[in-house]
There are 2 protein chains.
Amino acid sequence: MADALTLVGDRWALLALRELGFGVTRFTDIQGFTGAPRASLAARLRDLEASGLVERRRYSEHPPRDEYLLTRAGQDLMPVIGALREWGERYATPLVRDHGPDPSG
Amino acid sequence: MADALTLVGDRWALLALRELGFGVTRFTDIQGFTGAPRASLAARLRDLEASGLVERRRYSEHPPRDEYLLTRAGQDLMPVIGALREWGERYATPLVRDHGPDPSG
DNA sequence: GACGTGAGTTCAGATGTCGAACCGACTCGG
DNA sequence: CCGAGTCGGTTCGACATCTGAACTCACGTC
């Protein structure tokens, strides 16, 4: 569990993974949909790549352009992310609406 | 999803919730099992209480002593945490062993 | 050349984390 | 009574990380 959280115990990483699971692959799209600051997203994607959850693939040489794809390990995290989303819809959204905590990382 | 992560998108919060799910209720025990720094744990527990995932209950007046219990919303997060644990055992532990990223929070 | 896009990088300030020390409210035994 | 110990935190300074805004690079298009 602690190992899992070492890799994905981070808001932006999980949100990025969710977008990748939807089939989004471009940096700007992931960034736009998640709202992550660009530096944070770049760092998280690098971590996820280093961790083997995500692979980076060149889709254009001129100009050089990369896209991001889930590995097997990344794909197998999707049911967890789906479950978290469902829980969130049921509980977290109402709780945040009412009187959630300050947005904290 | 983003709302869910506002509440639980934090390593120590998730680890604390896992212990609460096991039935651990005392501050010192949660802290010991999770390895969270005391100040971080205190802050996370306060957030979780404010968010309605955890409730605090006085179990001793002299000296004043509180324990922490999961609410319904907190309990319904346990399957998600369980799924994350299973994923972690299958993928994260080997990945971290091989060449995971720097431990980042 | 000017302009626009995508994919980042940089940076100063803000915020968070952490280890170690500390503190309060006790209880217990000498 | 006093000292030692437990529990449940709090405090603080040093350090780490995050963030918004600006910037840069490598192009392609007009």
Side-chain angles (χ1 to χ4, degrees), chain A residues 2-3 5-17 19-20 22-51 53-70 100-105, chain B residues 2 5-17 19-20 22-51 54-70 100-105:
Chain A
D3 290 336
L5 294 178
T6 298
L7 301 187
V8 300
D10 166 70
R11 174 165 65 149
W12 299 128
L14 280 166
L15 286 171
L17 285 163
E19 293 306 326
L20 292 171
F22 286 151
V24 181
T25 61
R26 307 292 178 79
F27 184 94
T28 303
D29 291 336
I30 299 167
Q31 193 275 322
F33 291 132
T34 59
R38 302 222 282 276
S40 298
L41 182 59
R44 294 292 77 76
L45 285 170
R46 227 172 355 250
D47 290 341
L48 289 171
E49 188 190 356
S51 303
L53 298 196
V54 166
E55 64 180 359
R56 177 189 298 231
R57 184 178 302 173
R58 181 63 45 103
Y59 75 89
S60 160
E61 286 292 346
H62 300 289
R65 293 276 136 86
D66 291 341
E67 63 184 356
Y68 298 87
L69 302 167
L70 289 174
D102 294 339
S104 58
Chain B
L5 294 178
T6 298
L7 302 187
V8 302
D10 166 70
R11 173 165 65 148
W12 297 129
L14 280 167
L15 286 171
L17 284 163
E19 293 305 324
L20 291 171
F22 287 152
V24 181
T25 61
R26 307 290 176 80
F27 184 95
T28 303
D29 292 335
I30 299 167
Q31 193 274 326
F33 291 131
T34 59
R38 305 227 280 279
S40 299
L41 181 59
R44 293 292 78 76
L45 286 170
R46 227 171 357 248
D47 291 342
L48 290 171
E49 189 190 356
S51 303
V54 166
E55 65 179 0
R56 177 189 299 227
R57 185 178 299 174
R58 181 63 46 104
Y59 74 88
S60 160
E61 285 291 343
H62 300 289
R65 292 277 137 88
D66 290 342
E67 62 183 358
Y68 299 86
L69 302 166
L70 290 174
D102 294 339
S104 56

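So you know, we letter chains A, B, ... as the sequences are listed, proteins then strands, and number each from 1.
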Whole angstroms only, please: what is the [atom1]-[atom2] distance between [X] and [N]?
X	N	atom1	atom2	result
A/L45	C/dG8	CG	C1'	11 Å
B/E49	D/dG8	CD	P	15 Å
B/D10	C/dT17	CG	P	6 Å
B/Q31	D/dT10	CD	C1'	14 Å
A/L15	D/dT19	CG	C1'	16 Å
B/F33	D/dG8	CZ	P	13 Å
A/F27	D/dC27	CZ	P	19 Å
B/L41	C/dT17	CG	C1'	13 Å

I want to check one thing: is the phosphate of [N], taken as OP1 and OP2, less than 4.0 Å away from some side-chain N or O of [X]?
X	N	answer
B/W12	C/dT17	no
B/R11	C/dC18	yes
B/R46	D/dG9	no

Walk me through it: do A/L17 and A/V54 pass the test side-chain contact (heavy atoms from CB on, under 4.5 Å)? CA-CA 8 Å; A/L17 285 163; A/V54 166; 4.1 Å; yes
If you apply the rule side-chain contact (heavy atoms from CB on, under 4.5 Å), what do you find for B/T25 with B/Y59, and how did you get there? CA-CA 10 Å; B/T25 61; B/Y59 74 88; over 6 Å; no
Between B/R38 and A/R38, which is nearer to the 5' end of DNA chain D once each is assigned its nearest nucleotide? B/R38
5' priority, DNA chain D, between A/S40 and B/T28 [closest heavy atom]: B/T28
Counting N and O atoms only, with roles assigned by atom type, does the side chain of A/Q31 sit under 3.5 Å from a partner on the main chain of A/A36, one being a donor and the other an acceptor? yes
How long is the gap from [atom1] on [X] to [atom2] on [Y], to the nearest 0.5 Å?
X	Y	atom1	atom2	result
B/R44	B/D47	CZ	CG	4.5 Å
A/L70	A/E19	CG	CD	11.0 Å
A/L48	A/R56	CG	CZ	11.0 Å
B/D66	B/L45	CG	CG	10.5 Å

For DNA chain D, the residues among residues 55-68 of chain A that have a non-hydrogen atom under 4.0 Å from it: A/E61, A/H62, A/P63, A/P64, A/R65
